[in-house]
Colleague: 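Just passing along the structure, written as structure tokens.
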Amino acid sequence: MKAISVGEGYGRVNLIGEHLDYNGGCVLPLQIKNSIICELSENPEIECISIVSDKYHKKLSIEKLEKRGDWADFIIGSCLFFGKKYSIVIKKLSFNIRSHLPLGIGLSSSAAITISTLKALGNYYKKDMSDDELINLAYDIENNFVGVGGGIMDQFVSVLGNQNQALFLNTLNRSYELIDIFEDYNFLIIDSNTERILSNSEFNQKKELCLSASKKMNLNNLCEKEIISKEDIEILSDEEFKVCKHVVEENIRVKKAVQFLKDDNPDEFGKLMTESHLSLSKYYGVSTNELNKLVSLSNSFGALGSKLTGAGFGGAVVTLVKNDKVEELKKLILENYNKAKFV
Ligand code: GLA
């Protein structure tokens with residue numbers, strides 16, 4: 001069937017500022033070239049919608065736009081929420097999803113698939129959504145249909161980012177700035193190639209801890225804090241203290257990192273990436289042995305710094321390395337961690 005409308009959604013790597021976008025903090029993601037493409041075609045033979053994907057092969061016939069509990073929910077949710085927004089009954093459409101973005105390794109495939117579907121629908125129904133509308137709708141679908149409680153970072157950078165500039169976003173008021181990345185350096189993405197154990201419940205548990213800590217300290221969100229005082233420590237549980245420590249210090253790291261990026265100081269930027277990783281591992285509790293191994297291997301083979309990217313619990317790391325050292329680094333990583341894949 002010939003596609004009559006196409007939408008594309010880009011993935012991202014988060015350079016620093018992890019687990020801050022649902023705490024009112026600042027983040028620094030970079031859009032990557034890998035994307036998901038949604039091709040839409042008319043199909044008079046079906047009642048509702050059908051979905052095929054090059055990653056899952058099986059064709060899905062969806063009779064009703066309701067939650068199934070798998071990857072198809074991003075497309076079903078997009079149809080449902082787009083339909084509601086524009087009072088359109090979506091039917092007799094086929095969706096062909098082609099992914100150039102590895103799924104579920106912390107590169108924001110969820111936002112990419114949702115954005116690609118919404119763009120394809122927008123083109124087809126000739127609805128000219130503004131960037132803000134697109135971001136908000138994609139966010140709404142992920143949070144209120146699919147049920148993963150992330151923040152606004154992924155949708156934002158997929159729509160408003162580009163591949164040569166990192167996007168410094170204040171998630172509280174949504175102000176943002178695009179900043180050129182280092183010349184002659186690469187943010188290399190290394191997939192640990194282990195099954196990601198991210199379940200919505202683990203992600204949401206961390207979020208809950210942030211919320212309960214904020215409540216105890218009478219804050220609207222954790223990033224209002226700049227220092228955790230003795231009094232704060234007394235009222236927080238151990239777990240709450242740990243997530244709080246990560247969030248408060250990570251927010252400060254992001255602001256420093258932005259300055260180092262502007263000052264063209266990759267050495268100091270890299271150090272902050274590694275500090276971020278150590279904090280995600282020790283305090284936020286979302287790293288794995290494999291991710292820790294990739295970070296320390298990269299750093300010992302000449303990278304300036306490395307960290308896990310995205311939610312954690314498996315997936316990929318991002319490592320800052322000089323262009324002329326990339327091939328050597330890849331070789332050494334593979335010699336010591338043969339499952340690694342480079343994105
Ligand atoms: C996931 C979420 C993002 C963000 C990251 C952690 O990727 O979708 O919104 O919270 O985790 O930084």
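Ligands are counted one by one from 1 in listed order, and the atoms in each one are counted from 1 as well.
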Colleague: According to ring-ring contact (aromatic ring centres under 6.0 Å, His included), who are the partners of Tyr176, at least two apart in sequence or on a separate chain?
Modeller: Phe156

Colleague: Could you please provide the protein residues found below 4.0 Å of ligand 1 on a heavy-atom basis, arranged by chain and number?
Modeller: Arg12, Glu18, His19, Asp21, Tyr22, Gly150, Gly151, Met153, Asp154, Phe203, Gly310, Ala311

Colleague: Taking transitive links into account, so neighbours of neighbours count too, which hydrophobic residues share a cluster with Ile37 at under 4.5 Å side-chain distance?
Modeller: Val6

Colleague: Is it the case that the side chains of Asn173 and Ser175 hold a donor-acceptor pair, with the cut-off being a distance below 3.5 Å and no angle test?
Modeller: yes

Colleague: Under a 3.5 Å cutoff, is there a donor and acceptor pairing between the side chains of Glu8 and Ser35?
Modeller: yes

Colleague: Please list all pairs passing the side-chain hydrogen bond (donor to acceptor under 3.5 Å, both in side chains) test where one or both residues lie in residues 69-78, with sequence neighbours left out.
Modeller: Arg68-Asp70

Colleague: Centroid-to-centroid, Tyr284 to His246, below 6.0 Å?
Modeller: yes

